[in-house]
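Here is the structure we will look at, set down as structure tokens.
Bear in mind the structure is a predicted one, so any value in this text is a computation, not a measurement.
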Amino acid sequence: MPGSDSAQPDANWWRFSVEEGPRGEKIQDDVTHQLIELVFKQAIFDLGVIAATLQRLLEQQDPAFGGLVAALGAYRTARDCAAAAQVDRLQGQV
């Protein structure tokens with residue numbers, strides 16, 4: 001039957017508004033939402049790859065990488081101590 005919903009796959013969507021402006025905004029919002037979802041999924045995938053890569057590096061018995069990890073640990077410890085001292089100084093001022 002001409003004009004039936006089965007002949008127009010987007011017929012339900014067109015009923016949301018009579019004016020072209022709101023219809024265009026609906027399409028734009030849907031596309032934007034889909035693009036944001038895609039970027040989010042890609043970022044999560046990338047973080048998974050990075051985490052797996054770092055885990056494999058940590059599992060290797062490479063002395064050079066072990067030295068780097070130890071140096072990073074020493075840096076973090078020193079940084080944490082400096083931050084704790086700063087917090088203590090600030091709390092003493094209150």
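Gln61 is linked by a side chain to side chain contact (heavy atoms under 4.5 Å, CB included) to nothing, counting only residues two or more places apart in sequence or in another chain.
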All N/O donor-acceptor pairs, side-chain side in residues 35-43, below 3.5 Å, sequence neighbours left out:
residue: Glu37; atom: OE2; partner: His33; partner atom: NE2; Å: 2.7

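For Arg56, the CZ atom is loosely surrounded, since the number of other residues' heavy atoms within 6.0 Å does not exceed 12.
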